[in-house]
Structures are given as C-alpha cells and as structure tokens.
Amino acid sequence: VGAYLVRRLGLMLLTLFGISVIIFVLLRLVPGNIVDILFDSAGMVDPKEKLKIMQDLGLDKSIPEQYFDWIGGLLRGDLGYSYVSEKSTLSEILPRLPITAKLAGMALSFAVIIGVPLGVISAVKQNTWLDYVLRVVSLSGLSMPSFWLGLLILMAFVASFGTLPIYTDPPKTLLDELLLFAVPAAAVGFRSSALIMRLTRSSMLEVLRQDFIRTARAKGASPAAVNFNHALRNAMLPVVTVIGIEAAFLIGGLIVTETVFNIPGVARFLVEAIRWRDYPIVQNLVMFIAVVVVSVNFLVDMLYAVLDPRIKYSD
Amino acid sequence: MRSGLRLFAATCALATGLTAAVHAQEPRQGGILRIYHRDTPPSASVLEETTISTVVPFMGLFNNLVLFDQKTEQNSAQSIVPDLATSWAWNADETALTFKLRDGVKWHDGKPFTAKDVACTWDQLRGKSANSLRKNPREPWYQNVAEVTATSDNEVVFKLNRPQPSLLPMLASGFSAVYPCHVSTRDMRLHPIGTGPFKFVEFKANESIKLTRNTEYWRKGRPYLDGIEYTVIPNRSTAILAFIAGKFDMTFPTEVTIPLLKDIQTQAPQAICKTVPIGVSTNLIVNREMPPFNNADIRLAMALSIDRKQFIDILSEGKSDIGAHMLPPPEGIWGMPAERLRTLPGYDPDVEKSRAQARALMEKNGYNATNRLKIKVSTRNIAQYRDAGVILIDHLKHIYIDGELDPVESANWDGKVARKDYSVGMNLTGTAVDDPDVAFFENYACGSQRNYTQYCNRDLQAMFDKQSVEIDTAKRRQMVWDIDSRLQQDIARPIIYHGRSATCWQPYVKDFTLMVNSSYNGYRFEDVWLNK
C-alpha cells in the first residue's frame, strides 16, 4: 500500500506540473494581454506607456523566465499580485474560496441527497408510474442549463414573493447563509442530482438481479435491508466515481450560477480574471482547482477499498 | 355664519396639507443609496479611465475646481458652478485663467488642500509629473495649457498658449477631479483620497464598492446620504430583477436599454425612469490606407448605403437620434439643425435615392451585381457593437458589398484598431463633455491616440484651432457646424446614430438629476436624499 501511495503521489505531482505548464502556455497563447485590456478602459493605446507597464509587470521577460519566476514564487509561498487590482493574489483569492466551497459543498450534498435515494426508489419501483416520473425529472435535470434554470428561479421568486435570493451583502448568521446558498446550490446541483439518480438507478438494477440479492431475500431479509445494506453498497462504486468527477465538473456550473445569483466566489472571479488576462490570478487559481480535483480523485480511489473490501492496493 | 366656518375649515385643511407637502419634500439626512454596478471598474482612478464604470462610483469622492451644476440637466458654459474654486477670472487676452480657491478644505486623510494640489494634478495630466499616471487618456485636453502655477496657497493660474473657452467646460467634467499631491497614483487607483462629499470605504473586485459620508465636508449640511453602496452585478437580467424586487434604489445610470425599460415599467410601475442621450455615438470606421478603401468613391458609397432610421428602429425601438459628430439638439448644444444635416451624404431620408448614387459610384469603380466587393466588418464582440455590425452588413449588400462579421474580443479591439489591422469596423465613441474641442481634438486631430481611423486633414485641423479660440458662441457654433459637415463629407468616421438609454430610480430617491448631454458628469450625489 505504501509503494502504491508513493507512486500515486508522484503521479499527482507530475499531473500538477503538466497542468502548470499547460495553463501557463495557454494563457500566453490567447491573443491580447492585460496591458491591452488596461488601455481598453482608457479607449486608447500609448506605446510608450504600454511598454512601461509591460516592464513593471515583468511581461517583457521571456516566457520560460516568467514561468520559472512564477513556479519559484509558488514554492516560496509568494503568489504574486493581481495585475488588475494590484492587491496580493492570496488576498484576492482567499476571501472568495470559502464562498465557493460552501456553495459547491451544498450543491454536491443536494445532488447526493436527492440523487441517490431517488435512484434507489426508481430502481426498486422499476416500470411503475413513480419510476417514469422520476426518469422524466432526471431527464429534465440533464437537459436544463443551469443559467436558464437560475433565471427561471429568480423570475419565479420576484413574481411570487417580490424578492430575490441573490447575494448583495455577506450573510450574518449560519441560517442566513443556508438560506442564501440553498437556492443557487439547488440550481447548480439539480443537473448533478439527475446524473447521480440515473446512474444509481442503472447500477442498482444491475445489482438487484444478482444471485447474492436473491440469496438475501431467500434468507428472509427485509426489502429495506436488501435494498440498502446489500444492493446499494455494491451499486455505489460507479456512483462514487461519478460523484468525484461531478465535483470537478461542478466548477463549470458554479461559474454560471455565481453570475446569475451574483455570488462573489472564485468561479466567477476566475472568468473575470481570464477576461482581464490577469495571469497571476488565473494561474494560481487553476493550480488550486487542479490540486482539489487531483486530491478528490485520489480520495475516491481510496474510497473504493472501503466500499468494496475485495479491492486491494498493492504493486 | 355656517359658510364662513366651512371656508375657515377648508382654508385650515389646505394650509395643513400644503405644510405637510412642503415638509415632506424637505431634504432629510441619512440612509444608504444602493445602486447596482454593471461591472468591476478597471480602477478607482477617474483621471486614468474613460469609462462610466469608474466615474459613476468614484466621482463623489472628489471635487473639481469647477463643476457642471448637478441640478441642471444640460451641461453648458452657463451651468458651470464653483467647486473648489470660489471664483475665476480671465486676463485681458484670455490666455490666463486665475482661480481663487476655497479655504479650510481638507483631504479625507486630514491633510489640508492647497493650490499646490491643483498644480500637481495638472502636471500629472500634462505628463509632466514624476508621480505619473499609468494611463493618461485626457492628455490631449490640456495640450494648450502651458503651465499651471500655484501663486499662493489659495490661488492657482492656468497659463494657456492661446485663448480656449472650452477649458472651463473640460475642467467641469466628472473626469477633472483634483488629486492630492501627497498620494501616489497607485494608491489613487486602489483606495483614492479626495476632498469630496463621500469617503472611500472599500472596493472589492466583482463584489462591491462602498462609500461613506464625509462628515467634514466643506459644504455644510451635505451630503444628505450616509453612504452609497454599489453591488457589482454583471448579469443584466439579475440586476434588473433585483431593481424590480426593490433590492436597489437605482439602476446603474444609462444602463437600461429600451426593451428592458419596458420590463421595468410593467413590473415596477412606481419607478421613475428617464430616457436620455448617453453621449455615445455608433460610428463606421474605415481604414483609409487599405485598398480599395483608399478610394474616396468607395468610402462615400458606404456612407450613402446607411439607413440610419433603420438602425435606430431596430436597435433602440426608434428612441435614438440622428446626428453628425456633435450631439444633435435639443439636448446637444453644438449639433447642427436637422435641415442642414439632411444635406450631408447618407443623411437624406430618401435612402433608396442615396443607395442608387452609391451603386453608381461602385459601378464606376468596377463593382456590380456579379463582381461584388468582399469585406470583413470588424467589431468588438459585445452586443451593442455586434448588432450594429450585422445591420451594417445588411445595408452594404445593397451596394454590391458582401460583408462578413469579424467579432473581436474586447481585449484585442483597441490594439487591432491602433495597428490598423482592419478594413471596415463598427465602433462606439463616448464623449465626456458636449464640447467641440473635446470632440474634434480627441477624435480627429492628426496623431491623436483616439483618432482610430488616423484621419488627418491639416486644413480642417486649422479650423479646429480657429473655432477653439472663438469667444463668440454663435460664431463658434457656425464654425463647428462647418467642421462637422466637412468631417461627414470626408467620411472621416460616419456617425450612424447617437444612442439613448434609460436610468430608473425608486420614487423615494430625491433630487437626482440625470444629465441629458453627457453621461459622465452628474454623479456627485451630494444633493441626493432618500425620502423613506
């Protein structure tokens, strides 16, 4: 297990190195840079002033030099400063991280809490009206873009309650926070819940047809015990994999949801930073997201062994 | 006797009602004005930016020397009022302007304001300061200013190379704030310090901008508001819904399009909405050096193909205005009358007649229904630009030109235009002050950074200078019309229309005046109060 862990960690580092090179090069391949954008807001470009800003920001150096400056800084814990706000990158990213983390956590929880039980019910009640209804709901979840769903929710709130569940001030209490994030989390988690539900259903159907389930039933186990203790645990492996992948994909949904619900999280901030070609923010934020995604994948792999004792990690 | 009593009672009731009404309209102190902001401003430095995104939230932090009266809708020389300057006087040959400055004014950090701060600010604006601005878009405004000297702590003199009556209107703009000498330009971008009615609290990118009341403001009893909070909501639908739901007291100024205005009027009928010209024109830019556009016939044919009314009907439901470069009357001060406008190429209401002339010009140059000219119409990849570009392509089809839209990301637009890496483009031009010097020198002077087409006509430039020194407004107006006519005849940058859009506020927001000939100068907010 030890050797396996070391190998996995090595691979993780290699992946992160690859991502760092890709994001660094891609950002610089995109036409336009921060200096052009800074001048855009002034409606003019002054070549002399442009050169001066390029020098101030270190953008006149060669690309390898810029890369090593960044990686060197990263290793020293110096993430640089935002080209736009001129504040340190950490001070720009850190306050926004918990906001997105809470939203992502709630969205993922919503997806799992709704998706898994409904998937089980749909499988157990296969080909009944309940199954059909749940399948239609899940299909609609998969086909509805979250920005559209978000706007519909906002319009419904204005029409029905005369108010709007958007972020204008930081929530003061935990309850405020829950109320504020509940609606956007549901909007972004709806798609994931649909996916999880469909996968749980198909996985459950496959397991429910296996011999050990029949044996459990023959031994007189209750339907609940059969479904949840025997079938669900075995059906969860592909579901857990998808939950891991969804956690990574969630960032895409969060960008849109944070924009529609006006939540000042890192996802929306990342898009703005890309628009501004704010390299330090984009590079460091993408690296952070990469670390989270790689770590979640690693944890999911570890979880397989917990769910299925037959899985062993060795050389 | 009974009728006398009735009369007395009625008089008392009327008097009470009138007193209550008058009392209800008396300004009250307190409250936070909440406005949504359309995006994150590029910085907080009004001297370095040209965008309304910066001037709206940050104008209230500063004072100018002089200011356009914040309660008068139309900016003009007559509406200029004292601000940090209590009075001003020209010398005999109108080449020196002396300002007497207000005593006892303090910067938000407690340091005293003096004439040196004024001199410092204009040294920065003229590119002559060690504490230089990172970007200096209004340097061309002050090319005629030879020197700015603090003659004492409360007197400053602007020495000019030649008379320039436009100097005062330029100094009255929202972009002409006085900066403190002792604060770096970097700090002014991040956490600015001014002498204005509001003090800076915080500026969180993508989130909010907060200002609080300056309790030591030199104008006693002002501002009425305890503060102003801007919440950044880039998604227009969310922002409008939030205003309808009452989360905001005001929309971002001039940000409500005509279709969205209808939504507000239906769903929030109590809101007060005004539609005014925004001082932004949609215009056609043609690279005059690139064949075949170096041919004046082709440029003229393009101008003749434009159906301005159709642009306005499609893009703003008939609400915008046809004009040459200067904003047309009645809101604009310098725009030429409609009858003169109609004589210019492409302005004839009989569009078919103009297009027939255009086709003849194209045929003269070898183009016809079978040999069509293929071009790319470049434009910024933003709806206001793109939509106009698509309509232009449709109009050009009528004169044997097949256009293909080339949407350019905002980040690359100015660079592309500056490199002249385009043949035909659709552009929007904002003008901070409704003034001929600002318009002509910024957009058409030889070598100006914002002269996107690099149109350079030395004769016309001499006319720019001539109108600039003219003191007699009536004479100057005639000269301005002549220049504007020449610009349109030369197809320097055909103006398609001047945009209008709306601003809405809740009925309890009092004494906010929306200016009608510039969307950059009316956001001091010191007289605004909330009747909640």
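Every chain is numbered from 1 and lettered A, B, ... according to where its sequence line falls, protein lines coming before strand lines.
For B:Ser43, no part lies near chain A; criterion is any non-hydrogen pair under 4.5 Å. Residue contact with chain B, scored on non-hydrogen atoms closer than 4.5 Å, involves the backbone of A:Ser85 exclusively. If you measure heavy-atom distances from A:Val84 to chain B, the contacts under 4.5 Å come from both the backbone and the side chain. Contact annotation for A:Asp169: only side-chain heavy atoms (C-beta onward) come within less than 4.5 Å of a heavy atom of chain B. Contact of B:Ile244 with chain A is made through the side chain alone, with heavy-atom distances under 4.5 Å. Contact of B:Leu190 with chain A is made through the side chain alone, with heavy-atom distances under 4.5 Å. Neither the backbone nor the side chain of B:Tyr36 comes within contact range of chain A, judged by heavy atoms closer than 4.5 Å. Both the backbone and the side chain of B:Val232 come within contact range of chain A, with heavy atoms under 4.5 Å apart. At a 4.5 Å heavy-atom cutoff, the contact between B:Arg380 and chain A is made by side-chain atoms alone.
The side-chain heavy atoms of A:Thr168 and B:Glu229, taken from C-beta on, include no pair separated by under 4.5 Å. Residues A:Ile166 and B:Ile233 are in side-chain contact: their nearest non-hydrogen atoms beyond the backbone lie under 4.5 Å apart. For the pair A:Glu92/B:Lys204, no side-chain contact is recorded, criterion being any heavy-atom separation below 4.5 Å from C-beta on. Side-chain contact between A:Asn262 and B:Pro234 is present, with heavy atoms from C-beta onward closer than 4.5 Å. No side-chain heavy atom of B:Asp39 sits less than 4.5 Å from a side-chain heavy atom of A:Glu272.
What you find for B:Ala245 and A:Val158 is that their closest heavy atoms are CB-CG2, 4.3 Å. Of all the heavy atoms in B:Thr238 and A:Leu151, the pair that sits closest is OG1-CD2, 4.4 Å.
Within 6.0 Å of atom OH in A:Tyr67, more than 12 heavy atoms from other residues, nucleotides or ligands are found, so the atom counts as buried in its surroundings. A 6.0 Å sphere centred on NZ of B:Lys376 holds no more than 12 heavy atoms belonging to other residues, nucleotides or ligands. Residue-environment remark: CZ (A:Phe68) stays at or below the threshold of 12 foreign heavy atoms within 6.0 Å. Annotation for A:Lys87: atom NZ counts as buried by contact number, over 12 foreign heavy atoms lying within 6.0 Å.
Between the CD atom in A:Glu86 and the CZ atom in B:Arg186 there is a gap of 5.0 Å [rounded to 0.5 Å]. One distance of note links NZ of A:Lys50 with CZ of B:Arg134; it measures 14.0 Å at 0.5 Å rounding. Taken from NZ in B:Lys135 to CD1 in A:Ile53, the straight-line distance is 7.0 Å, to the nearest 0.5 Å. From B:Asn206, atom CG reaches atom CZ of A:Arg268 across 4.5 Å, with rounding to the nearest 0.5 Å. Separation of atoms CZ (A:Phe157) and CG (B:Leu241) is listed at 12.5 Å; rounding is to 0.5 Å.
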